[in-house]
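So the structure is just underneath, and the comments pick up after that.
Since the model is a prediction, treat every value here as computed from it, not as a measurement.
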Amino acid sequence: MFLAAVVFIVLAVTSYATAAAGDRILGDDDSFFRRLAIGDFKELNKLIKPAILRLADTSVSRDMISFDVRNLRCTAFQVGDMTVSSKKDNLRRVSVPLNIIDLDMVCTFDYSYWAALIFSGGGSAKVTSSGNDILAKMAITTNVGTLATRPPNKLVFEQCDANVIINDINFQGGVAAWVANAIEGNLRGKIAAMAKTKLCQTLDDWSRTTIADQLKAVGETLAKYPARYKVDPLSLEKALVAPEFVTLLNLREKDNGIAKYVHMALDETVSYFGTETYDLDGEVPGPGPTDMNINIFMRNSVLDSSRSLRIDASDVPFAGVNGLIWQGTDRLTKTSIYLNRIKVKGLDTFTRFEPLVDIGDYTLQSKLSWEYLEFECDVTFLIRPSDRKDTVLINPGMDIEETATFTFRIEDVGAIASLLLAIDQGLLEAVEVGSLLRTSKMSPCFLSTIFDVAVSGMSLNLNDVKPPSLVGFVSPGIDRVFGGVMDASFVVFRDLLLAKLPTFFNTAVREYVNDNVLKKYWSYAESEQCSWTSSSDPSDGTIDLRDLLLTPDDAVAAGASGKEPYGNLFSSVLVPMLDGKLVSPDDNADGLPLLNDHLIRPITKIQSGAEGTLAFNTDLFAIESPSMASSSTLVQLRASNLTIQNLDTIDAPVKLLKPTGGKNLNNQVTLGPVSRRPLKMSSKVVMAISGENSPLKMYNDLEIEISVPSSELLFDIFAAIKEDRLLSFPLQDIDNYHCWLDTVLPSNRLNNDTN
């Protein structure tokens, strides 16, 4: 809108601010020089240079000379420089000064004259004009409320001052020198004054029509997003209707059946995403600065190499054919703006990722925040000469096509996101373990059990909006002008944008996520999504633990097939996760395996209140019996208050669930040595002999402590698991240990091969 205004001013000035005499249109060799910003407006000047603009006929009379000017036409327009700035005068008004500097042009006209009643003649003339400046100021206002609550509804040109310089008039044809000398000065002044008046009238008329229409269109668009718009995050749940044969999983029943494990999986996922760790795949090789796992996941799995989420124009709901997002025609130009693609940056700058809270039977909610969100839009501007009948361009020049990048950034973004998650409980409970052992099928299988899913609320909290930018034009001048336009737009719409953006996200963005993201990956249940087949052929029908737990190369080295007959969930995800969370050393603390910090210390603190300590404040055993020598003598032996300290000193080497055969798992746990922290076991022991006449009568209350600087625990687990029963194990029996025991092959059915 503002660029069209600037270009219109350029051509309006060339139309009305210059007049002279002549009879032909100049060719390419008649271009004039420019003083400022040489080459900055090369593309714009290509558009306007060959344009031909007709000016009104005029006449000059002086000293019995009547000089008539007809067919006044101007061409060879060149712009030296343009500037656009802005200033917020008050809550209802923004001033936008527009400056056009060093405008050059060449005009021609036909003339005829009568002098002293007896002399007459006619011909043509060429006028050169350079170094023209135009200073104008627009006022953008609203007469309803303020610009923080209402869009502007009025634009007027309050000030317009054109400084037009006629450098030379070259008369051609039969004109007496004394006639030319007599009228040239008056002719220049008259045309300059007429040009200034006409220019300002034209700009004022234009602001009342074209700009007013565009402001109205912007106002109608913004009106779609009322400020302080609220969405009931339970509205989708309340409107949800499921068939009688479908039972939806109640997420509030956390302690009942499979819902407990759904919550456990969701909580564990959110907890994992919210935990900070080293970004091993970051820009710096090796362990670098820590970051939240959700950010690392976004970079590794969702975003491209530029840390952006790319959205093509075809996926943007408001983009038309070929990405057309705006088209307008006025008397000067026909402008089309095409959206090529959008890049969303900052999705990997989470600063908060809180646990999910059930706010309904099927609705979860979480609080999120990002350091910033940045939207980078690649757009193409196609500026053609106007095709309207009343166009000011008679002989238009070539089109301008420019590609630029519009960047919009919001910082310190907080959000409360609500998600409707309606799971078909029957389908979920029927999922078999074998369907989940391949990571490629896990997500589709779980998604197939979802009856309905949608973002039901996205409440946004914005603290700041950065000024947008529009850069990348081939012409530096247009780039600079658009920068001023963006700054002016930001001054006008900033407060309103802050008020409207939360509504935009809670409506348009939320609908886009539901329609183009969630529905793209979610599908109704299909049998092939949750199916499994095994490529193994064990002679006794049992699971080969080497193929289950080891990577293909390690499994082959251990004597197994290495073909991943049971999928890659354990070998690629769970076992590495187990090693990473338990076996790996804690580099931030004492250097001991994380098993101490992630398992031993939490469990022991729950049991005893002290990390690394188990305390049993009961009797371990108590024996009372009569003495063999005399029935009147009673012997007592009691041990109690067993305490084991420094259990959190597990050190390398640690081996957990390492297959040494098809059915054998080797385990090794080493405790210590850790300086000044030996394994301690202590107990209170009472030894007493009672009896009135007993010569051995005594009562001893002892505190016995054993200190072990280091120890090693080695043990093997033999597990013969029936393949078909494990792979077909339904999730509905996941908390039934009887069913799990049923997957183990009875010892009387084992063959002699126990590898």
Side-chain angles (χ1 to χ4, degrees), residues 247 249 254 256-269 272 421 423-451 523-552 555 560-579 581 656-659 662-665 717-746 749-750:
T247 300
L249 183 68
K254 301 179 182 180
N256 296 330
I258 200 169
K260 172 174 60 177
Y261 296 98
V262 171
H263 264 284
M264 187 183 301
L266 291 173
D267 290 344
E268 184 64 25
T269 301
Y272 169 77
L421 183 61
I423 301 174
D424 188 324
Q425 183 171 339
L427 291 177
L428 181 61
E429 291 178 342
V431 172
E432 297 177 344
V433 168
S435 306
L436 307 177
L437 295 184
R438 298 189 185 278
T439 55
S440 60
K441 297 188 67 175
M442 182 184 297
S443 293
C445 182
F446 276 129
L447 289 174
S448 70
T449 68
I450 296 176
F451 177 78
S523 63
Y524 288 97
E526 298 177 0
S527 58
E528 63 268 18
Q529 299 288 353
C530 284
S531 60
W532 59 270
T533 56
S534 173
S535 58
S536 67
D537 185 23
S539 58
D540 57 3
T542 60
I543 293 286
D544 189 322
L545 297 175
R546 296 167 295 186
D547 276 329
L548 178 68
L549 301 177
L550 299 179
T551 62
S561 70
K563 298 179 180 180
E564 294 186 336
Y566 317 114
N568 63 340
L569 177 63
F570 279 90
S571 61
S572 299
V573 180
L574 297 183
V575 171
M577 184 182 298
L578 180 69
D579 290 341
K581 282 197 169 186
L656 299 176
L657 304 178
K658 299 299 181 182
K663 303 177 184 67
N664 294 323
L665 297 174
I717 299 175
F718 178 82
I721 302 172
K722 290 180 285 188
E723 178 184 300
D724 58 339
R725 294 200 177 183
L726 175 64
L727 298 184
S728 62
F729 192 96
L731 293 185
Q732 65 180 353
D733 297 326
I734 193 170
D735 58 351
N736 189 329
Y737 71 91
H738 295 288
C739 296
W740 284 109
L741 290 176
D742 189 54
T743 65
V744 180
L745 194 67
R749 292 183 55 187
L750 292 173

Answer yes or no: is there a side-chain heavy-atom contact under 4.5 Å between [X] and [Y]?
X	Y	value
Pro659	Leu665	yes
Leu731	Glu429	no
Asp544	Tyr566	yes
Val744	Lys722	no
Leu436	Cys445	yes
Phe446	Leu428	yes
Thr743	Ile721	yes

Measuring from atom [atom1] of [X] to atom [atom2] of [Y], what distance do you get when rounded to the nearest 0.5 angstrom?
X	Y	atom1	atom2	answer
Tyr272	Met577	OH	CE	6.5 Å
Met442	Leu447	CE	CG	12.0 Å
Lys663	Ile717	NZ	CD1	15.5 Å
Ile450	Leu427	CD1	CG	11.0 Å
Leu569	Arg438	CG	CZ	11.0 Å
Ser571	Leu550	OG	CG	8.0 Å

Indicate the atoms forming the closest heavy-atom contact of Gly562 with Ala555, along with that distance. CA-CB, 3.9 Å
Closest non-hydrogen atom pair, Lys441 against Ser435: CB-O, 3.9 Å
Taking side chain to side chain donor-acceptor pair (under 3.5 Å) as the test, write out the residues that go with [X], two or more places apart.
X	value
Thr551	Asp554
Thr247	none
Thr439	Asn568

Applying side-chain contact (heavy atoms from CB on, under 4.5 Å), run through Leu657 and Leu545 and close with a yes or a no. CA-CA 9 Å; Leu657 304 178; Leu545 297 175; over 6 Å; no
Mind checking what makes salt bridge (charged side-chain N to carboxylate O under 4.0 Å, His left out) contact with Asp733, not counting sequence neighbours? none
Name all residues meeting the salt bridge (charged side-chain N to carboxylate O under 4.0 Å, His left out) criterion together with Asp742; count only those two or more places apart in sequence or in a different chain, and write none if there are none. Arg725
Has Ser728 got a side-chain atom pairing as donor or acceptor with Asp724's backbone, closer than 3.5 angstrom? yes
Could you walk me through whether Glu432 and Leu727 pass the side-chain contact (heavy atoms from CB on, under 4.5 Å) test, one step at a time? CA-CA 7 Å; Glu432 297 177 344; Leu727 298 184; over 6 Å; no
Stepwise side chain to side chain donor-acceptor pair (under 3.5 Å) test for Thr449 and Asp424: CA-CA 6 Å; Thr449 68; Asp424 188 324; over 6 Å; no
Sequence neighbours excluded, the answer for ring pair (Phe, Tyr, Trp, His ring centres under 6.0 Å) partners of Phe729 is Trp740
Using side-chain contact (heavy atoms from CB on, under 4.5 Å), reason through Ile423 and Phe451 one step at a time and then give a plain yes or no. CA-CA 5 Å; Ile423 301 174; Phe451 177 78; over 6 Å; no
Between Ile543 and Leu548, is a side-chain contact (heavy atoms from CB on, under 4.5 Å) present by the stated rule, with each step listed? CA-CA 7 Å; Ile543 293 286; Leu548 178 68; 4.1 Å; yes
